[in-house]
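Presented below is the structure to which this report refers.
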Amino acid sequence: MQLCRNVLTRRTAAALLLGLAVAGCTPQPTADRPAPAAFNDTDTAWIQLMIPMNERAELLTDLAPAHAGRPALAGWVKDAGRRFEDELVDLRKLLRLSGVPDTRPHEGHNMPGMVSLDTVRRAKAVSGENFDRLLTESMRAHLVQVRMLCASERTSGSAEQAKDLAAAIERTAAEQITRLDAVT
């Protein structure tokens, strides 16, 4: 009996030592690696607003291949739509990283720069120059508002990941406005 207990104690001690050795080999947090900044209310509000703004813009840009009159504008829209999709991927990743649930607080809202569902409905009913005008006005308003929202995020946000994405989206929006002006 004493021998059994002694063997069990040695096995337990060996397993414990092995576990400690393995744990010691795993990367440990270091003081020189900063923890990611916490997301503040501005960060989460910005993310939660940018997602539906881009989703609504996509509803309109998706109509362009069948409705646009000017080929140059259709080309701009194709590029803009691809950028909206990429931004949405990044925004959704940030939302998950923030830990805030996707509750869609801006669902159904019509805010400055957000393409309204009425605009999408009207765009479905027109083509050529009428569609081009509706698309151009809506996209310009969207991009101007996006730039303002991103500037606010960069100023008042706290999470570096969100501020970095806001800066990238702001630059892209400025480029898109310049290109839109060139094709209209």
Side-chain angles (χ1 to χ4, degrees), residues 42-98 100 102-157 159-184:
T42 300
D43 298 319
T44 55
W46 175 74
I47 296 165
Q48 289 177 322
L49 179 56
M50 287 296 298
I51 290 172
M53 287 206 47
N54 275 13
E55 288 173 342
R56 291 275 190 90
E58 275 189 313
L59 291 175
L60 188 55
T61 59
D62 287 349
L63 298 173
H67 296 266
R70 283 180 263 154
L73 185 58
W76 177 88
V77 168
K78 184 177 180 181
D79 181 59
R82 196 171 40 251
R83 289 175 188 240
F84 293 149
E85 289 173 13
D86 293 345
E87 290 170 6
L88 279 168
V89 168
D90 293 338
L91 288 162
R92 288 180 179 125
K93 282 180 189 174
L94 269 183
L95 186 63
R96 284 190 298 277
L97 184 62
S98 76
V100 174
D102 190 3
T103 57
R104 301 288 176 147
H106 301 289
E107 190 73 36
H109 294 175
N110 288 323
M111 295 179 273
M114 182 180 277
V115 175
S116 72
L117 294 176
D118 183 58
T119 299
V120 174
R121 182 190 52 74
R122 287 185 295 130
K124 288 178 181 178
V126 297
S127 60
E129 188 58 38
N130 290 333
F131 177 84
D132 292 353
R133 186 173 28 263
L134 186 62
L135 174 79
T136 301
E137 290 170 3
S138 297
M139 288 297 98
R140 186 170 283 111
H142 169 80
L143 294 168
V144 166
Q145 185 66 19
V146 162
R147 288 183 69 197
M148 289 188 329
L149 291 170
C150 289
S152 293
E153 165 57 24
R154 287 186 307 98
T155 301
S156 301
E160 287 304 316
Q161 303 96 320
K163 291 166 63 170
D164 290 346
L165 182 57
I169 291 173
E170 186 176 6
R171 279 190 305 274
T172 298
E175 292 166 5
Q176 287 178 322
I177 290 170
T178 300
R179 287 190 57 225
L180 181 61
D181 290 343
V183 299
T184 56

Residues Arg122, Thr119; criterion side chain to side chain contact (heavy atoms under 4.5 Å, CB included); working and verdict: CA-CA 5 Å; Arg122 287 185 295 130; Thr119 299; 3.3 Å; yes

Verdict with reasoning, Ser156 to Trp46, per side chain to side chain contact (heavy atoms under 4.5 Å, CB included): CA-CA 10 Å; Ser156 301; Trp46 175 74; over 6 Å; no

Minimum heavy-atom distance Glu153-Ala162, with the two atoms named: OE2-CB, 3.3 Å

Check: Arg70 main-chain N/O paired with Asp132 side-chain donor or acceptor under 3.5 Å: yes

Residue pair Ile177 / Val144, side-chain heavy-atom distance below 4.5 Å: yes

Gln176 backbone acceptor or donor facing Trp76 side chain under 3.5 Å: yes

CD on Glu160 to CG on Asp43, rounded to 0.5 Å: 9.5 Å

Nearest-0.5 Å distance, CG of residue Asp102 to CD1 of residue Ile47: 10.5 Å

Pairwise distance NE2(His142) to CZ(Arg147) - rounded to 0.5 angstrom: 12.5 Å

Test: Glu85 and Arg82 ion pair at under 4.0 Å: no

Intermediate values then yes/no, salt bridge (charged side-chain N to carboxylate O under 4.0 Å, His left out), Arg154 and Glu170: CA-CA 10 Å; Arg154 287 186 307 98; Glu170 186 176 6; 2.5 Å; yes

Gap separating the CZ atom of Phe84 from the CZ atom of Arg56, nearest 0.5 angstrom: 13.5 Å

Stepwise side chain to side chain contact (heavy atoms under 4.5 Å, CB included) check, Leu49 with Met114: CA-CA 9 Å; Leu49 179 56; Met114 182 180 277; 4.2 Å; yes

Under-4.0 Å salt bridge between Asp79 and Arg179: yes

Please set out all donor-acceptor pairs under 3.5 angstrom arising from side-chain atoms of residues 90-98, sequence neighbours excluded.
residue: Arg92; atom: NH2; partner: Glu55; partner atom: OE2; Å: 2.5
residue: Ser98; atom: OG; partner: Leu95; partner atom: O; Å: 2.7
residue: Ser98; atom: OG; partner: Val100; partner atom: N; Å: 3.2

Result block: side-chain N/O donor-acceptor pairs under 3.5 angstrom for residues 60-67, not counting sequence neighbours:
residue: Thr61; atom: OG1; partner: Ala57; partner atom: O; Å: 3.4
residue: Thr61; atom: OG1; partner: Glu58; partner atom: O; Å: 3.2
residue: His67; atom: ND1; partner: Val126; partner atom: O; Å: 2.7

Separation of Thr172 OG1 from Arg83 CZ (nearest 0.5 Å): 5.0 Å

side-chain contact (heavy atoms from CB on, under 4.5 Å) partners for Thr136, two or more places apart: Leu73, Arg140, Leu180, Thr184

Side-chain donor/acceptor of Ser138 to backbone N/O of Leu134, under 3.5 Å: yes

Step-by-step side chain to side chain contact (heavy atoms under 4.5 Å, CB included) determination, Met50 to Asn54: CA-CA 6 Å; Met50 287 296 298; Asn54 275 13; 4.3 Å; yes

Gln145 side chain reached by Leu149 side chain, heavy atoms, under 4.5 Å: yes

Flag for Thr155-Ser152: side-chain donor and acceptor within less than 3.5 Å: no

